[in-house]
Engineer: 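What follows is a structure written as structure tokens; I'll ask about it next.
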Protein chains: 4
Amino acid sequence: MKRKITEKSIELFEKKGFSQTSIQDIVDSLQVTKGTFYYYFSSKEQLLMDIHLEYITDLLGRQQQILQNDLITNKEKLKKIMTLLIDDIKDKGANGRVFFREIRHLINENIDKIKQKRTLFRLNIEKIIQDGVNNGEFRSDLRTDMVTFGILGLTNYCYNWFNPNGEVTTEQLIDTYVEMILHGIIKA
Amino acid sequence: MKRKITEKSIELFEKKGFSQTSIQDIVDSLQVTKGTFYYYFSSKEQLLMDIHLEYITDLLGRQQQILQNDLITNKEKLKKIMTLLIDDIKDKGANGRVFFREIRHLINENIDKIKQKRTLFRLNIEKIIQDGVNNGEFRSDLRTDMVTFGILGLTNYCYNWFNPNGEVTTEQLIDTYVEMILHGIIKA
Amino acid sequence: MKRKITEKSIELFEKKGFSQTSIQDIVDSLQVTKGTFYYYFSSKEQLLMDIHLEYITDLLGRQQQILQNDLITNKEKLKKIMTLLIDDIKDKGANGRVFFREIRHLINENIDKIKQKRTLFRLNIEKIIQDGVNNGEFRSDLRTDMVTFGILGLTNYCYNWFNPNGEVTTEQLIDTYVEMILHGIIKA
Amino acid sequence: MKRKITEKSIELFEKKGFSQTSIQDIVDSLQVTKGTFYYYFSSKEQLLMDIHLEYITDLLGRQQQILQNDLITNKEKLKKIMTLLIDDIKDKGANGRVFFREIRHLINENIDKIKQKRTLFRLNIEKIIQDGVNNGEFRSDLRTDMVTFGILGLTNYCYNWFNPNGEVTTEQLIDTYVEMILHGIIKA
DNA sequence: TATGAATGAGAATTCATTCAT
DNA sequence: AATGAATGAATTCTCATTCAT
């Protein structure tokens with residue numbers, strides 16, 4: 001039941017937004033009662049926290065896999081991480097959208113905890129870029145922090161428009177973006 | 001008074017979010033009463049609509065200036081539009097953040113009206129890229145729509161982290177991003 | 001309206017107790033809506049605080065009148081204060097009962113504020129007794145603090161059983177208690 | 001287990017009040033579950049009734065012991081009964097406070113049943129005083145009913161302030177009060 | 001004996017909105 | 001142009017109680 005509530009909530013939060021979704025909405029669509037909700041979650045915010053925590057924890061875990069792979073170049077690592085983010089749109093689109101949009105509704109320690117983990121994810125990317133700069137894979141005249149933010153913005157934005165069931169495949173999207181990041185759009 | 005309400009609202013919407021900001025919050029911080037608010041706005045949503053409309057209209061106007069300039073290359077135009085977006089963080093940061101984050105709270109015709117204008121803004125960018133592809137400025141093997149979304153994601157995301165009063169200047173940021181978009185990060 | 005809410009609340013709190021009385025009960029019996037309640041009071045507890053504050057402030061004010069009277073003996077002062085408390089049962093019975101019974105529902109600073117004033121009221125009585133001991137009106141072998149608590153218990157308890165419209169008049173009650181306190185019940 | 005629930009409940013009811021204490025609070029602090037509670041008690045009120053009944057029954061029993069003693073004067077009996085009440089603060093303070101404060105939460109027949117027994121306890125005291133008046137131990141010009149209420153108020157109030165582990169011993173307190181009741185505070 | 005999932009009725013509170021003045 | 005009292009619908013949350021196991 002807890003799982004069912006979480007999943008239905010993600011669905012509704014994505015469709016209508018966190019504050020526009022009431023506990024009543026959630027339980028009604030599961031045909032249970034409010035009491036049931038509060039049996040499993042102590043508050044609406046705690047549910048949101050659960051969702052965030054699960055998402056970022058999973059993301060960090062998969063990022064870690066990539067980081068630990070010593071056999072691939074930094075360029076490959078970067079590509080894999082971009083793939084990681086964009087691939088999720090297919091499997092966890094709603095999840096991701098809730099993750100990116102509704103963090104504002106977390107408060108105090110909760111928001112800090114999540115932000116810390118988000119920062120870690122970002123710094124891990126920055127590290128890859130820095131490594132790539134150091135070993136000559138990447139240009140050395142760009143600020144790694146800003147590049148990282150750029151890549152994150154570019155990939156995260158996909159959650160707003162990309163439809164994995166549309167005419168463009170996820171692979172094409174990833175190729176386009178990797179190509180763009182690596183070589184730019186200008187004619188050499 | 002109408003202006004004062006609008007401005008204070010933007011400030012509060014940015015700080016606390018649209019749904020977390022009550023009409024009471026707005027009028028309290030201006031030391032007027034709710035009646036005053038409803039004298040100038042027919043509803044909370046209409047205020048949000050006003051804010052959105054003003055923002056996107058202004059943005060489109062300035063974009064138009066750039067588009068009409070026949071003396072510059074498409075590459076220059078693209079740079080100018082990116083500058084346009086990022087520059088706003090200094091002057092209208094709160095405004096922009098409200099614009100990007102709170103569109104969800106518009107309803108029905110309103111949301112359509114704004115989305116149409118946003119789409120226009122995007123298509124205008126795509127047009128520049130297409131023109132650049134056509135005249136050989138840009139590579140011809142990239143999907144212009146996706147590239148456009150990428151650029152938008154990259155620039156919009158700045159609203160989330162870039163502090164125009166921080167150690168990095170807006171110019172450095174723009175340079176980094178233009179460079180990244182045009183030539184990529186890989187060592188040639 | 002604020003006054004009406006306060007008065008009806010006192011009535012209901014007395015009859016059913018603070019936690020057994022809902023805001024709904026209060027507004028229903030006044031034929032207004034919950035919104036109206038919250039227009040005047042920020043919370044249920046604040047209403048209770050209002051009631052307490054008004055009561056104890058009034059009590060302290062009247063006590064002060066008695067204390068400042070230099071023309072009467074301490075014995076007379078004591079009698080007047082007992083009269084003060086018991087007389088209230090006629091005019092403010094419900095008020096007093098709420099005051100004595102529901103203090104538990106105040107929290108934190110509120111409870112402290114009220115308790116402080118209650119303590120002041122008690123210490124003022126103790127002072128009278130001490131003065132009476134000093135000038136020989138009262139016996140010198142009694143602990144003034146405990147005697148004060150005793151007098152308070154004795155008078156406060158009246159709120160639990162005394163019916164000012166019953167066969168015993170308030171005057172008789174006061175006479176009995178003053179006599180009991182001053183001379184005891186044993187046959188001299 | 002039933003005993004453990006009762007005792008923990010008394011503790012919690014005293015600390016937080018009956019309505020502020022949830023069944024959940026009770027079972028949590030015993031590390032059992034709500035089912036356990038309802039195995040032993042049919043309702044929250046029934047638990048409160050149990051507590052009241054046990055308390056007043058015990059009190060009446062001990063009062064009976066005193067009443068039946070034909071070898072002591074009424075004055076002595078009165079002192080013993082006051083001792084009975086005040087002594088309990090040491091052993092059953094919480095119990096007594098719950099008994100005096102939470103009777104309001106009993107309903108219908110329950111409240112009547114308890115009130116009857118309380119009345120009996122009071123009338124037993126009144127009887128002693130009447131006997132004392134009749135045999136010349138006590139003054140004949142005081143209303144015995146009111147005197148009884150006075151004594152009850154005075155002693156019951158101790159539950160609100162008296163700390164048996166404080167600097168004043170229970171014996172001193174009893175002496176002071178017996179002295180006060182018997183001889184008054186005025187200098188003879 | 002005891003558990004724990006689920007209920008449902010009701011609680012306090014919030015807030016956009018209306019409207020007579 | 002502005003006020004402020006009042007509304008009412010919705011919202012989050014609480015909790016005593018039930019019941020199958």
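Here is the naming used below: chain letters follow the sequence lines, and residue numbers restart at 1 for every chain. Remember, it's a predicted structure, so these values are computed and weren't measured experimentally. For the numbers below, each heavy atom of this structure counts, side chains included, while hydrogens, waters and symmetry mates do not.
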Engineer: Taking the same atom, C1', in E:dT1 and in F:dT21, what whole-Å distance lies between them?
Structural biologist: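 Between the two C1' atoms, the distance is 13 Å.
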Engineer: From the set F:dA6, E:dT7, E:dT13, return the single nucleotide nearest to any side-chain atom of C:M1.
Structural biologist: F:dA6
Engineer: What's the NE2-P distance between D:H105 and F:dC15, to the nearest Å?
Structural biologist: 13 Å
Engineer: Tell me: CZ of C:F18 to C1' of E:dA11, nearest whole Å?
Structural biologist: 12 Å
Engineer: Scan every strand shown for a Watson-Crick or G-U wobble partner of F:dA1, both distances under 3.5 Å, and answer none if you come up empty.
Structural biologist: none
Engineer: If pairing requires Watson-Crick or G-U wobble contacts with both distances under 3.5 Å, which nucleotide is the partner of E:dT14?
Structural biologist: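 Partner of E:dT14: F:dA9.
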Engineer: What is the minimum heavy-atom distance between D:Y157 and D:W161, and which atoms define it?
Structural biologist: O-CD1, 3.2 Å
Engineer: Can you tell me how far C1' of F:dG4 sits from CD1 of B:I23, to the nearest Å?
Structural biologist: 15 Å
Engineer: Here's one to test your reading of the geometry: is the NZ or CZ of C:R104 within 45 degrees of the ring axis of C:F18 and under 6.0 Å from its centre?
Structural biologist: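 Relative to the ring axis of C:F18, which defines the angle, C:R104 lies outside at least one limit.
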Engineer: Would the base of E:dT7 count as contacting A:K34 through its side chain, where contact means a donor and an acceptor less than 3.5 Å apart?
Structural biologist: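 Answer is no: no donor-acceptor pair is held.
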Engineer: Do the side-chain N or O atoms of D:Y38 get closer than 4.0 angstrom to the phosphate oxygens (OP1, OP2) of F:dT17?
Structural biologist: yes
Engineer: Does E:dT1 have OP1 or OP2 under 4.0 Å away from a side-chain N or O of D:Y39?
Structural biologist: no
Engineer: To the nearest angstrom, how far is B:Q31 atom CD from F:dT3 atom C1'?
Structural biologist: 15 Å
Engineer: Name the nucleic acid region contacted by A:T36, choosing base, sugar-phosphate or nothing; use a 4.0 angstrom heavy-atom cut-off, strictly under.
Structural biologist: base
Engineer: Which whole-number value in Å describes the distance from D:F37 CZ to F:dC19 C1'?
Structural biologist: 17 Å
Engineer: With respect to the side chain of B:S22, which nucleotide from F:dT12, E:dA12, E:dC15 is positioned closest?
Structural biologist: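 Of all the options, the side chain of B:S22 is nearest to E:dC15.
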Engineer: Separation of A:K44 atom NZ from E:dT13 atom P, in whole Å?
Structural biologist: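 It works out to 19 Å between those atoms.
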Engineer: Please report, rounded to the nearest Å, how far the P atom of E:dT13 is from the CD atom of C:Q24.
Structural biologist: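 Computing the C:Q24:CD to E:dT13:P distance gives 13 Å.
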Engineer: About how many Å separate CG of A:L12 and CD of A:Q20, when rounded to the nearest 0.5 Å?
Structural biologist: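 Reported to 0.5 Å precision, the distance equals 12.0 Å.
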Engineer: Provide the Watson-Crick or G-U wobble partner of E:dT7, both distances under 3.5 Å; none if there is no partner.
Structural biologist: F:dA16
Engineer: Has D:D50 got a side-chain atom pairing as donor or acceptor with D:L47's backbone, closer than 3.5 angstrom?
Structural biologist: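 Not at all, since once roles are kept as given, no pair shorter than 3.5 Å links the two residues.
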Engineer: Looking only at heavy atoms, what is the nearest atom pair of B:L48 and B:E102, with distance?
Structural biologist: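 Minimum heavy-atom contact is CD2-O, 3.5 Å.
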Engineer: Taking the cut-offs as 6.0 angstrom to the six-membered ring centre and 45 degrees off its axis, would you call C:R101 and C:F13 a cation-pi pair?
Structural biologist: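 Judged by the rule, C:R101 and C:F13 form no cation-pi pair.
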Engineer: NA contact type, B:T21, heavy-atom cut-off 4.0 Å: base, sugar-phosphate, or nothing?
Structural biologist: sugar-phosphate
Engineer: What is the distance from CZ of C:F41 to C1' of E:dA12, rounded to the nearest Å?
Structural biologist: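 The distance from CZ of C:F41 to C1' of E:dA12 comes to 15 Å, rounded to the nearest Å.
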Engineer: Both A:Q20 and C:T33 contact DNA chain F. Taking the nearest nucleotide for each, which residue is further toward the 5' end?
Structural biologist: C:T33
Engineer: Does A:Y40 place a side-chain N or O at less than 4.0 Å from the phosphate oxygens OP1/OP2 of E:dA6?
Structural biologist: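 For A:Y40, the contact criterion (side-chain N or O under 4.0 Å from OP1 or OP2 of E:dA6) is met.
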